[in-house]
Amino acid sequence: MRAAVLYAARDLRIEEVPDPVPGPGEVLVRPRFTGLCGSDLHFWEGGLRHVVKDPIILGHEFSAEVVEVGPGVGNPAIRPGALAAVEPMWTCGQCAPCRRGTYNLCRNLTWHGLSVKGGGMSGLTVVRADMVHILPESLTAEQGALVEPVSVAHHCVTKAQVEPGGSALVLGAGPIGIASYLDLRARGVERIFVSEPSADRRAAIAHLAGLTGGGADLILDPGAVDVVAAVRELTDGDGVDAAIDAAGVEPAFHAGLSATRPGGRMVTVAVYMKPVTFHPLAAFLGGVDIVASCAYCNDFPAVIDGFVNGSYPLDGWVRPIPMDGAAAGFTALEAGTELKLLVDVQGS
Ligand SMILES: [Zn+2]
Ligand SMILES: [Zn+2]
């Protein structure tokens, strides 16, 4: 089978590798669409090479068709031909976080697509049966590939605890910021502010706001306006119920903290590549809870329902590319000229 194998920084090769075989409790699947993500980009740039030394098949955001079910898989919905979204976490089930049910915090976690376990950018791949979420027939393979990143957003929005009718600020309109915005809208959050320096990304989210009844939401350019002052002014000086930092840079962190109302929540969902300097009094005086949201845990079913209900339109921010175009796709993501690229794994 054909796979996209990352050997070193900027060295992604499309090559033939042996077909995997499903063991007990495992499922052989044929990936259909695989998203390129910021974590992939960190590997591509060489920033996380200390995590995995060996060449890896990339791809952790993917939809796939079931091909063959290994022995001992009890779920009758997992049958050849069924389309699924894959939850790409190999959890141990034994450590304390797993026993508490917080499997996203597993001490022995291995990611499918960011490790030697294989990945979604390959003709075939093997995952554990509990990683396979069969999709309703109304969903497309493109939507299935988006279930993973939207679950990241769904988890962080849950942690933000904004009531319907409440307010929120999303910092950064990359894919996770966009998905967080859509998820806040779907939950009936009344007033949403978005801060994003790129004009293209502001245009993308403005389009989605129009599609989802959020035409009155304010999309701000942090290079041109004082985001904190603007948010405070439009919330009667109070601030938003919650800020979500999907940008992961120091100015966004500070803006989120300052724009959150007393007693509100600041959720960090971005993968910060550099430390942030902050004075704990900035949170103390307003009694703001700073909460970290890592990946997702039991979020896939709700997100799949949200796709069925039309909560997460893909218009204007998701684009398919051929497998051969994956390296060029990473270059475009680095340049910030694309939002979410989906590799058509079985296409030419
Ligand atoms: Zn990802
Ligand atoms: Zn564990």
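Indexing begins at 1, ligand by ligand and atom by atom, following the structure's order. All heavy atoms count here, side chains included; hydrogens, waters and symmetry mates do not.
Between F278 and F253, the two ring planes are perpendicular [angle over 60°; tilted spans 30° to 60°].
Of the possible donor and acceptor atoms, one in the side chain of R191 sits under 3.5 Å from a partner among the backbone N and O of A216. Proximity of a side-chain donor or acceptor of R187 to a complementary backbone N or O of V162 within less than 3.5 Å is not detected. T102 contributes no side-chain N or O that, together with a main-chain N or O of N104, makes up a donor-acceptor pair within less than 3.5 Å.
For the pair SG of C106 and SG of C95, the angle at the Zn ion (ligand 2) is about 120°; rounding is to 10 degrees. Between C98 atom SG and C92 atom SG, the angle centred on the Zn ion (ligand 2) amounts to 120° (nearest 10°).
The salt bridge (Lys or Arg N to Asp or Glu O under 4.0 Å) pairs that include a residue from residues 209-231 are R185-D217, R202-D221, where partners are two or more places apart or lie in different chains.
Using modelled atom types and a 3.5 Å distance limit, the side chains of R128 and T91 yield a donor-acceptor pair.
Inter-residue side-chain proximity for P149 and L146 is flagged as met; some heavy-atom pair is nearer than 4.5 Å.
Around the Zn ion (ligand 1), the protein contributes the following N, O or S atoms under 2.8 Å, ordered by chain and number: C37 SG, H60 NE2, E61 OE2.
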